[in-house]
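Written below as structure tokens is the structure these notes are about.
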There are 2 protein chains.
Amino acid sequence: MEELNYKEYLNKYGMKSTKQRNLLLNILKNIKIPHTAEQIYLKARKSDALVNLSTVYRILEKFTEKKITLRTSFMDEKCVYSLFPTTHQHQLICLRCKKVILIGGCPLKEFEKTVEKQTDFSIVNHRLELYGYCRDCQKIIAAN
Amino acid sequence: MEELNYKEYLNKYGMKSTKQRNLLLNILKNIKIPHTAEQIYLKARKSDALVNLSTVYRILEKFTEKKITLRTSFMDEKCVYSLFPTTHQHQLICLRCKKVILIGGCPLKEFEKTVEKQTDFSIVNHRLELYGYCRDCQKIIAAN
DNA sequence: TTGCAAATGCAAATTATTTGCAATAATATA
DNA sequence: TATATTATTGCAAATAATTTGCATTTGCAA
């Protein structure tokens, strides 16, 4: 994992460039699925730069506030963090192996309009996750 | 709030009829929006029948396992419980006052089929919540 | 290079939830 | 109806995730 410096990027958000923040950004760029604060912390510990778990929480909190990261929590599970997606997308989560696949093509635009008319709410956001079993886990389940 | 006895109903699920369970069922039938375990506990304390908070957790856990109740957690918030909806529906949540409106007419059937084809997942479930501002809160926000 | 605010580390606090265990209550059955 | 059996409850203590207070360190602007 190449060591990068995100000073400019961080300063743009009014944050100082620290080795901990650079490290976390680097980790976040390299993970393919959302990770918990603890998982990120454990990855961080493997590098030279030492980081404290509360610092990880604090950094992720600030990142989330600035929309650098997205914080989600699946059904009954702890929060996970990932870089904030640049395009609108949702998550498809395997209930067995917890693998996450990102899917585009959100079908909710029209539905939201209908609901707004019905309810007088002004809808600003939604949360959609799909749950199922990935191909591998389907096989494993079928074999038992 | 009328005191009812759900003995038959509970036995059907292989559960004994206890005053705590009857009380919780009664509370659940009477609430219009999902409540946290603690909120339910506080309502329970107002009745004659005393209940312990861990008992509330244990009952709600069992109810949820039996699909008597639905356990959800909104963005970053603690779990809430409600009677398991008899029809498929989703929640529309006011970001200001936390009011919840239930909406039917889920638009995801077709979308799920498309995603299944794209991804080889077998989709068994989804979670959809809409967030926005209710009419009252829109007014309050506009007035500031 | 110095000064100051922001960021960090550490330990301790909080919050929601769960668990162990002894006491109690509900049901089945004698 | 009494009794045995087992589930359920209450209580206190444990756990797990996350947050906070405070002293120290660090980044950056002047």
Side-chain angles (χ1 to χ4, degrees), chain A residues 3-27 34-42 44-45 47-66 68-69 71-81 98, chain B residues 3-27 34-42 44-45 47-66 68-69 71-81 98:
Chain A
E3 271 305 321
L4 291 168
N5 189 293
Y6 302 92
K7 183 169 187 329
E8 220 177 315
Y9 180 76
L10 286 164
N11 289 353
K12 200 172 65 192
Y13 285 99
M15 280 185 271
K16 288 182 179 169
S17 163
T18 66
K19 65 176 191 299
Q20 293 86 343
R21 284 176 181 163
N22 284 293
L23 179 59
L24 285 216
L25 278 177
N26 210 30
I27 289 170
H35 280 49
T36 63
E38 175 125 49
Q39 289 171 322
I40 292 169
Y41 165 71
L42 290 174
R45 290 191 60 170
S47 83
D48 331 319
L50 291 184
V51 192
N52 188 278
L53 180 56
S54 22
T55 305
V56 171
Y57 272 107
R58 272 192 280 229
I59 290 176
L60 290 172
E61 187 191 7
K62 182 140 271 186
F63 281 2
T64 301
E65 175 193 319
K66 303 286 185 185
I68 292 171
T69 48
R71 169 180 169 159
T72 345
S73 63
F74 304 148
M75 294 285 194
D76 298 354
E77 309 232 337
K78 44 189 142 160
C79 295
V80 290
Y81 301 83
K98 309 294 175 192
Chain B
E3 270 308 320
L4 292 168
N5 189 292
Y6 302 92
K7 182 170 187 329
E8 219 177 316
Y9 179 76
L10 286 164
N11 290 352
K12 200 172 63 191
Y13 285 99
M15 280 185 271
K16 288 181 179 172
S17 162
T18 65
K19 65 175 192 301
Q20 294 85 341
R21 284 177 180 161
N22 284 294
L23 179 59
L24 287 217
L25 277 178
N26 210 29
I27 288 170
H35 280 50
T36 64
E38 176 126 51
Q39 289 171 321
I40 291 170
Y41 165 70
L42 290 174
R45 289 192 60 171
S47 82
D48 330 319
L50 291 184
V51 192
N52 188 277
L53 180 56
S54 21
T55 304
V56 171
Y57 272 106
R58 274 193 278 231
I59 290 175
L60 290 172
E61 187 191 5
K62 182 141 271 189
F63 280 2
T64 301
E65 175 194 320
K66 304 282 185 186
I68 291 170
T69 49
R71 169 180 169 159
T72 345
S73 63
F74 304 147
M75 296 281 197
D76 298 353
E77 310 233 336
K78 45 188 140 157
C79 294
V80 290
Y81 301 83
K98 310 292 177 193

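Computed from a predicted structure; not experimentally measured.
- Rounded to an integer number of Å, the gap from B:Lys7 NZ to D:dA7 P is 16 Å.
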TODO: Fill in the dot-bracket string of DNA chain D, one character per base: . for unpaired, | for a pair to another strand, ( ) or [ ] for pairs within the strand, taking Watson-Crick or G-U pairs under 3.5 Å.
DONE: ||||||||||||||||||||||||||||||

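- Minimum interatomic distance between B:Thr69 and B:Leu60 (heavy atoms only, all atoms of both residues): OG1-O, 3.7 Å.
- One can place CG of A:Leu10 at 16 Å from P of C:dA6, the figure rounded to the nearest angstrom.
- With rounding to whole Å, B:Glu65 atom CD is found 13 Å from D:dA7 atom P.
- Partners of A:Tyr57 under the side chain to side chain donor-acceptor pair (under 3.5 Å) rule, at least two apart in sequence or in another chain, do not exist in this structure.
- When every heavy atom of B:Leu24 is checked against every heavy atom of B:Ala44, the shortest pair comes out as CD2-CB, 4.3 Å.
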Which atom pairs, donor and acceptor, lie under 3.5 Å between side-chain atoms of residues 8-20 of chain A and protein residues at least two apart or in another chain?
| unit_1 | atom_1 | unit_2 | atom_2 | d |
| --- | --- | --- | --- | --- |
| A:Ser17 | OG | A:Asn22 | ND2 | 3.0 |
| A:Thr18 | OG1 | A:Arg21 | N | 3.1 |

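- For the pair A:Glu61 CD and C:dA6 P, the computed distance is 16 Å after rounding to whole Å.
- Side-chain contact between A:Phe63 and A:Leu25 is present, with heavy atoms from C-beta onward closer than 4.5 Å.
- Listed here is the closest heavy atom pair of B:Leu53 and B:Ala37: CD1-O, 4.3 Å.
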Open item on the list: Counting primed atoms plus P, OP1 and OP2 as sugar-phosphate and everything else as base, spell out the protein contacts along nucleotides 7-17 of chain C at 4.0 Å heavy-atom distance: B, S or - for each nucleotide, 5' to 3'.
Closed with: SSBBB----SB

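- Defined by atom type and a distance below 3.5 Å, a donor-acceptor pair is missing between the side-chain atoms of A:Tyr41 and A:Asn52.
- Between the OH atom of A:Tyr41 and the P atom of D:dT18 there is a distance of 14 Å, rounded to whole Å.
- Atom C1' of nucleotide D:dA16 and atom CD of A:Gln39 are separated by 15 Å, given to the nearest angstrom.
- The distance between atom CG of B:Leu24 and atom P of D:dT8, rounded to the nearest whole Å, is 13 Å.
- The interatomic distance linking A:Phe63 (CZ) with D:dT18 (P) rounds to 17 Å, in whole Å.
- Here A:Thr36 pairs with A:Glu38, A:Gln39, A:Lys78, A:Val80 under the side-chain contact (heavy atoms from CB on, under 4.5 Å) rule; sequence neighbours left out.
- With sequence neighbours excluded, no residue satisfies side chain to side chain donor-acceptor pair (under 3.5 Å) with A:Thr55.
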